[in-house]
J.: 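Just dropping this structure here.
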Amino acid sequence: MLFVAVRVFDEQIHERRTLKVFDQLGPFFPEFERPNLFKWIQLASPHIYHGWEKNDMTGLESFSTPRFQADQRALLAQLDQDGLSVKCEHSKVLNFHPLSAQLVDGEDTPPKGIKLTLRVEVKGIYYREKNGTLLDGTKKSGQQQWCWQLLHDGERWTLDEVTPISGDVTHLADSRDLPPIMQWRRPSSPSMTDGDATDHI
């Protein structure tokens, strides 16, 4: 029990630190504000479920990374090869928890290259079956937990990964390691030290 409590507490610590970063960034980069991020998730989530149901993720191409598209095509192809099918139905996004924010290797001009790890709570149906036999999940609507990773392209968020969560998220980066806000800038824009930060919204 103590081990589980420590894991949950660790996740909460990361969430508080990440939200503190959001509070600092929001006035300059509105896509980091929690209400705006929640709207983004609410728009994306039904498309994900629809893609799984129809075995076609092209509806997410405009707001997902090439890696996400490649991974989903490989996953859906493997399910088809194994004779499995995904049955799902999206109801609504209940909540989300921003667990960490980090700058990916090789990037030095955030917000481009910022990766967010989120716990997303969705109400809906998700299960897999083979020849009509239920393999996992449930046919009843209920709460589901997903780990989302979003990647910033300098202007907006893109979806990079979606995986189910069966326990606690442990691969969390420390958001305190992000570069200071004065180093952040939009693509093809001067650094924030060269002008009013409000010009970069």
J.: Given Arg73 and Met57, is the side chain to side chain contact (heavy atoms under 4.5 Å, CB included) satisfied, shown in steps?
T.: CA-CA 8 Å; Arg73 283 194 298 268; Met57 285 290 179; 5.9 Å; no

J.: Restricting to non-hydrogen atoms, name the atom on Pro98 and the atom on Arg34 that form the minimum distance, rounded to 0.1 Å.
T.: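 Taking Pro98 first and Arg34 second, the nearest heavy atoms are CD-NH1, 3.5 Å.
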
J.: For a side chain to side chain contact (heavy atoms under 4.5 Å, CB included) check, start with the C-alpha distance between Phe68 and Val162, then their side-chain angles and the critical distance, and finish with the verdict.
T.: CA-CA 8 Å; Phe68 175 84; Val162 175; 4.0 Å; yes

J.: Going by atom types alone, do His97 and Glu121 pair a side-chain donor with an acceptor below 3.5 Å?
T.: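 The criterion, which ignores hydrogens and geometry beyond distance, is satisfied for Glu121 and His97.
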
J.: Between Thr158 (side chain only) and Leu151 (backbone N and O only), is there a donor and an acceptor less than 3.5 Å apart?
T.: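 Yes.
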
J.: Spell out, yes or no, whether Leu84 and Val86 are grouped together once hydrophobic residues are joined by side-chain heavy atoms under 4.5 Å, including indirect joins.
T.: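 Yes, Leu84 connects to Val86 through the hydrophobic network.
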
J.: Hey, is the main chain of Leu99 close enough, under 3.5 Å, to the side chain of Thr117 for a donor-acceptor pair?
T.: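 Not at all, since once roles are kept as given, no pair shorter than 3.5 Å links the two residues.
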
J.: Are side-chain heavy atoms of Leu60 and Gln69 found at a separation under 4.5 Å?
T.: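 In contact.
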
J.: State, yes or no, whether a side-chain contact exists between Leu76 and Trp52 at a heavy-atom distance under 4.5 Å.
T.: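 Leu76 reaches Trp52 side chain to side chain.
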
J.: Taking Glu31 for the side chain and Arg156 for the main chain, is one N or O donor matched with an acceptor at less than 3.5 Å?
T.: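 Judged by distance alone, no pair lies under 3.5 Å.
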
J.: Would you say that Trp148 contacts Leu116 through its side chain, given a criterion of any heavy-atom pair below 4.5 Å between the two side chains?
T.: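 No. Closest side-chain heavy atoms not under 4.5 Å.
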
J.: Looking only at heavy atoms, which two atoms of Thr163 and Glu161 are closest? And how far apart?
T.: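 Looking at all heavy atoms of both residues, the shortest contact is CG2-OE2, 3.7 Å.
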
J.: Hey, does Gln144 have a side-chain heavy atom less than 4.5 Å from the side chain of Pro164?
T.: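 Side-chain contact under 4.5 Å: no.
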
J.: Could you walk me through whether Leu159 and Trp40 pass side chain to side chain contact (heavy atoms under 4.5 Å, CB included), step by step?
T.: CA-CA 10 Å; Leu159 187 63; Trp40 195 98; 4.1 Å; yes

J.: Looking at Thr109 and Arg185, what are the two nearest heavy atoms and their distance?
T.: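 Taking every non-hydrogen atom into account, CG2-NH2, 3.0 Å.
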
J.: Between Trp146 and Leu118, is the side chain to side chain contact (heavy atoms under 4.5 Å, CB included) condition met? List the steps.
T.: CA-CA 8 Å; Trp146 300 93; Leu118 313 172; over 6 Å; no

J.: Parallel, tilted or perpendicular: which describes the rings of Phe63 and His47, with under 30° parallel and over 60° perpendicular?
T.: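 Phe63 and His47: perpendicular rings.
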
J.: If hydrophobic clusters are built from ILVMFWY residues whose side chains come within less than 4.5 Å, do Ile114 and Ile181 share one?
T.: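 Yes, same cluster.
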
J.: Trp157 side chain to Leu37 main-chain N or O, any donor-acceptor pair under 3.5 Å?
T.: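 Here the side-chain-to-backbone pair does not exist.
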
J.: Using side-chain heavy atoms (C-beta onward) and a distance below 4.5 Å, is Arg186 in contact with Phe29?
T.: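 They are in contact (side-chain heavy atoms under 4.5 Å apart), so the answer is yes.
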
J.: Is any side-chain heavy atom of Leu75 closer than 4.5 Å to one of Gln72?
T.: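 Yes - at least one pair of side-chain heavy atoms lies under 4.5 Å apart.
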
J.: Does the Ser45 side chain pair with the main chain of Ile41, one donor and one acceptor, at a distance under 3.5 Å?
T.: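 Not a single qualifying donor-acceptor pair exists.
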
J.: To check you understand the geometry: which heavy-atom pair defines the closest contact between Gly137 and Leu134, and what is its length?
T.: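 Heavy atoms of Gly137 and Leu134 come nearest at O-CD2, 3.8 Å.
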
J.: Say you draw a straight line from SG of Cys147 to CD of Gln149; how long is it, rounded to the nearest 0.5 Å?
T.: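 If I round to the nearest 0.5 Å, the distance is 5.5 Å.
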
J.: Quick one: pull up CD1 in Ile48 and NE2 in His50 and give me the separation to the nearest 0.5 Å.
T.: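 Reported value, rounded in 0.5 Å steps: 12.5 Å.
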
J.: Do Trp184 and Phe28 have their ring centres less than 6.0 Å from each other?
T.: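 Between Trp184 and Phe28, the centre distance exceeds or equals 6.0 Å.
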
J.: In the single-linkage hydrophobic clustering (I, L, V, M, F, W, Y; side-chain heavy atoms under 4.5 Å), do Leu103 and Met182 co-cluster?
T.: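 Yes: a chain of side-chain contacts under 4.5 Å links Leu103 to Met182.
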
J.: Going by an N to O cut-off under 4.0 Å, is there a salt bridge joining Glu11 and Arg119?
T.: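 Yes, charged N to carboxylate O under 4.0 Å.
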
J.: Output every pair passing side-chain hydrogen bond (donor to acceptor under 3.5 Å, both in side chains) with a member in residues 130-139, not counting sequence neighbours, ordered by first then second residue.
T.: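 For residues 130-139, and leaving out neighbouring residues, the side-chain hydrogen bond (donor to acceptor under 3.5 Å, both in side chains) pairs sorted by first residue read Arg128-Asp136.
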
J.: Which pair of heavy atoms, one from Pro110 and one from Pro179, lies closest together, and at what distance?
T.: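 Heavy atoms only, the tightest pair is CG-CG, 4.0 Å.
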
J.: Is any side-chain heavy atom of Asp160 less than 4.5 Å from a side-chain heavy atom of Lys115?
T.: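 Yes - at least one pair of side-chain heavy atoms lies under 4.5 Å apart.
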
J.: Would you say Ser91 and Glu89 make side-chain contact, with heavy atoms under 4.5 Å?
T.: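 Heavy-atom side-chain distance check fails, nothing below 4.5 Å.
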
J.: When rounded to the nearest 0.5 angstrom, what distance separates CD in Glu107 from CD in Gln102?
T.: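 Rounded to the nearest 0.5 Å, the CD-CD separation comes out at 12.5 Å.
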
J.: So, for Pro111 and His152, which heavy atoms are closest and what is the spacing to 0.1 Å?
T.: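 Nearest heavy atoms, Pro111 then His152: O-CB, 3.1 Å.
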
J.: Can you say whether the rings of Phe96 and Phe38 are parallel (under 30°), tilted (30 to 60°) or perpendicular (over 60°)?
T.: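 If you compare the ring of Phe96 with that of Phe38, the planes turn out parallel.
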
J.: Test of understanding: clusters of I, L, V, M, F, W, Y form through side-chain heavy atoms closer than 4.5 Å, transitively. Do Phe32 and Leu19 belong to the same one?
T.: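 Yes, Phe32 connects to Leu19 through the hydrophobic network.
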
